[in-house]
Each structure stands twice: as C-alpha cells, then as structure tokens.
Amino acid sequence: MDQDTLAWIARNRPEASAAPPTLPHPPLMVVPDVTWFAEPRLVDSIHGIRHNARVSLLAGLLAQEYGLDRDHTAALCAAAAAHDCRRRDDRDDPGHGRRAALWFTRNQHAVTTTLGRELPPDLSQQAAIAIGLHDVPYTDFTSQQNLAYQQAPHLIDLLKAADCLDRYRLPLARWWPDPFHLHIVIPAWLHPVAVNLVVRSEQARLNGATNHGALIHAGQILNPRQ
C-alpha cells in the first residue's frame, strides 16, 4: 500500500446507506503470527497479516449478523486468520487454500494459542474445509468439493463473504467486492465498515505502526463515516 492509493480508496469509499447495528459484544479479531506464513516476503503484502486479520474481524461481524454461536464464530474467525497463510505469491496462486487448510490442521496448537481458546474437533475440521474452499469459486466445485461444502456451508459462505469484503484494499473499483458471486447477502452497513477498516489500518501502517498496532489503531470500525 502507498499513500496515493490509500488516498484514492478513501476518496471513493461507499457512502453509508444504513446505520450499523448495536452488537451484543465486540467482534472477534484473530491476528496471525508471522510464523504462520509460508513466504516471509508476503507478511506485509496485500495477502499478509493485515488482510488476514481484517478478514477475521469481518467474519466475526458477519457471524453476529447471521446468528452463529460462540464456538462456530471462533472457528470461523480462526479460519479467516489463516486462510491466506500458505500463499506463495500475491497472484491467483491456485491451491493456496488447500495448502493453508493442511497447515491449519497440522498447527492447531499455534492457532488455538493465538485464538485464546480450544476449538471442538468437529469445528476445527469444518474450519479447515472452509479454508480449503475459500479460493475456489462455487461454480468450479468438483463433486468431492460439493460434498465437503455440505459439511460446513455456513463457515464457507461467511469466510468467502468476509474475504470478498476486504477487496476494498485493492486499487481499482472493478476489483472491489462483487456480491453476485456469494451465497449470502452482505448487509449494507458492512461495506463502509470494511473500507473504513482498510483505510484506518493501512494509514496506521504507513505512519510507522507495527502490523498489530495498525490493526488495533483501526479501532472504531462501527463508525463508517469516520
């Protein structure tokens, strides 16, 4: 991210068309550790720590919107925090979801330590399935992937939607979120929240904050007009 691109994103952010709701509790955000990433050079990239953490927070907001319980929300947010950790580059990188799912399964201790709680085994498996399918368009699912989808439809749908929402970090409007490809409806209030989260965290990073500090500084995500 550079200052000119960030300024363009801020100027073109969508107007709030609905007020954010009052949430029953703060959304969960899981910030991945640098050791999770297959390529150290991608830690600070468009698919690095800040992207994965923002997707985790957006997934937490969607989880509350769709009434997920505490365990399913934790599994979803953990999946979101790890979904791009095994990328080899910032392009399409086919198979990066499958590699991240395998890493997630093999590194449960690292994930649950960062999450701050254990995940039930069945939900850990569902989270891995969601990671493995997050980069595969629904229309490209194989018969085997369709069977896997039936095991964790809510986690997969919400992870795909949260990942889509963080596309506001990209420098062309035609690359921004296209809900047409999703299976769920993203509430109108969440779009300005998502772009506000990008602007706040990326500006803090440009100002010299650490990745973790930049995400904390993003702070008041439920005020989309700031």
When you compare the side chain of [Y] with that of [X], does any pair of heavy atoms fall below 4.5 Å?
| X | Y | result |
| --- | --- | --- |
| Arg205 | Asp44 | yes |
| Thr105 | Ser124 | no |
| Pro14 | Val195 | yes |

| said: Going by the rule salt bridge (Lys or Arg N to Asp or Glu O under 4.0 Å), which residues pair with Arg86 if we only count those two or more places apart in sequence or in a different chain? | reply: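 If we apply the salt bridge (Lys or Arg N to Asp or Glu O under 4.0 Å) test to Arg86, skipping adjacent residues, there are no hits.
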| Test salt bridge (Lys or Arg N to Asp or Glu O under 4.0 Å) applied to Arg106 - qualifying residues, sequence neighbours left out |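 Per chain and number, Arg106 pairs via salt bridge (Lys or Arg N to Asp or Glu O under 4.0 Å) with no residue.
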| Residues Gln203, Asn207; criterion side chain to side chain contact (heavy atoms under 4.5 Å, CB included); working and verdict | CA-CA 6 Å; Gln203 186 62 66; Asn207 290 346; 3.1 Å; yes
Treating [X] as the side-chain partner and [Y] as the backbone partner, does any N or O pair qualify as donor plus acceptor under 3.5 Å?
| X | Y | value |
| --- | --- | --- |
| Asn52 | Asp84 | yes |
| Thr5 | Pro171 | no |
| Asp92 | Pro94 | no |
| Lys160 | Val136 | yes |
| Arg41 | Ser45 | no |
| Asn107 | Ala110 | no |
| Thr112 | Leu115 | no |

Rounded distance (nearest 0.5 Å) linking atom [atom1] of [X] with atom [atom2] of [Y]:
| X | Y | atom1 | atom2 | value |
| --- | --- | --- | --- | --- |
| Ile129 | Leu123 | CD1 | CG | 10.5 Å |
| Ile46 | Arg167 | CD1 | CZ | 9.0 Å |
| Leu119 | Gln125 | CG | CD | 12.5 Å |
| Cys85 | Ile49 | SG | CD1 | 11.0 Å |
| Ile184 | Leu62 | CD1 | CG | 5.0 Å |
| Arg13 | Ile9 | CZ | CD1 | 10.0 Å |

Under the side chain to side chain contact (heavy atoms under 4.5 Å, CB included) test, residues paired with [X] that sit two or more places apart:
| X | answer |
| --- | --- |
| Asn12 | Trp8, Trp176 |
| Arg70 | Arg117 |
| Thr142 | Gln144, Gln145 |

| request: In plain terms, say whether Glu202 and Arg50 are close enough for a salt bridge, that is, a side-chain N and a carboxylate O under 4.0 Å apart. | output: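 Judged by the 4.0 Å cut-off on N to carboxylate O distance, Glu202 and Arg50 do form a salt bridge.
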| message | One thing to verify: whether Asp135 and Arg98 come together as a salt bridge, which I'm taking to mean a side-chain N less than 4.0 angstrom from a carboxylate O. | response |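 No.
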Nearest heavy-atom pair of [X] and [Y]: which atoms, and what distance?
| X | Y | value |
| --- | --- | --- |
| Ser56 | Ala80 | CA-CB, 3.4 Å |
| Ile186 | Ala161 | CD1-O, 4.1 Å |
| Ala79 | Ala127 | CB-O, 3.8 Å |
| Ala128 | Ala101 | O-CB, 3.2 Å |
| Val30 | Ala78 | CG2-N, 4.4 Å |
| Cys77 | Ala59 | SG-C, 4.4 Å |

| Can you list the residues that meet the ring pair (Phe, Tyr, Trp, His ring centres under 6.0 Å) rule with Trp175, with sequence neighbours excluded? |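 Scan of Trp175 (ring pair (Phe, Tyr, Trp, His ring centres under 6.0 Å), adjacent residues dropped) gives none.
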| message | My understanding is that only residues two or more places apart in sequence, or in another chain, count here; which of them pass ring pair (Phe, Tyr, Trp, His ring centres under 6.0 Å) with His134? | response |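 For His134, the residues satisfying ring pair (Phe, Tyr, Trp, His ring centres under 6.0 Å) (neighbours in sequence not counted) are His83, His96.
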For residues 149-156, dump all side-chain donor-acceptor pairs below 3.5 Å to protein atoms at least two apart in sequence or in another chain.
{"unit_1": "Tyr149", "atom_1": "OH", "unit_2": "Asp157", "atom_2": "OD1", "d": "2.9"}
{"unit_1": "Tyr149", "atom_1": "OH", "unit_2": "Asp157", "atom_2": "OD2", "d": "3.0"}
{"unit_1": "Tyr149", "atom_1": "OH", "unit_2": "His183", "atom_2": "ND1", "d": "3.3"}

| query | Among pairs that include at least one residue of residues 100-126, which meet ring pair (Phe, Tyr, Trp, His ring centres under 6.0 Å), considering only residues two or more places apart or in two chains? | reply |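 Qualifying pairs: Trp36-Trp103.
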Does either side chain, that of [X] or that of [Y], offer a donor lying less than 3.5 Å from an acceptor on the other one?
| X | Y | result |
| --- | --- | --- |
| Gln64 | Thr73 | no |
| Gln108 | Glu118 | no |
| Asn146 | Ser143 | no |

| query | Which is it for His191 and Tyr168 under the side chain to side chain contact (heavy atoms under 4.5 Å, CB included) test, yes or no, and what are the steps along the way? | reply | CA-CA 9 Å; His191 286 275; Tyr168 285 115; 2.8 Å; yes
Common cluster, [X]/[Y], ILVMFWY with side-chain heavy-atom separation under 4.5 Å:
| X | Y | value |
| --- | --- | --- |
| Val55 | Leu133 | no |
| Met1 | Leu42 | no |
| Val43 | Met29 | yes |
| Leu76 | Val185 | yes |
| Phe141 | Leu158 | no |

| task | Identify which one of Asp90, Asp93, Asp89 satisfies the side-chain hydrogen bond (donor to acceptor under 3.5 Å, both in side chains) criterion when paired with His47. | result |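 That would be Asp90.
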Under the side-chain hydrogen bond (donor to acceptor under 3.5 Å, both in side chains) test, which residues partner [X], sequence neighbours left out?
| X | result |
| --- | --- |
| Asp33 | Thr35 |
| Asp4 | none |
| Ser201 | Arg54 |

| message | So for atom CG, which belongs to Asp2, do other residues, nucleotides or ligands contribute more than 12 heavy atoms lying within a distance under 6.0 Å? | response |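 Yes.
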| message | Test side chain to side chain contact (heavy atoms under 4.5 Å, CB included) on Leu197 and Leu57; report intermediate values, then the result. | response | CA-CA 10 Å; Leu197 182 59; Leu57 193 150; 4.3 Å; yes
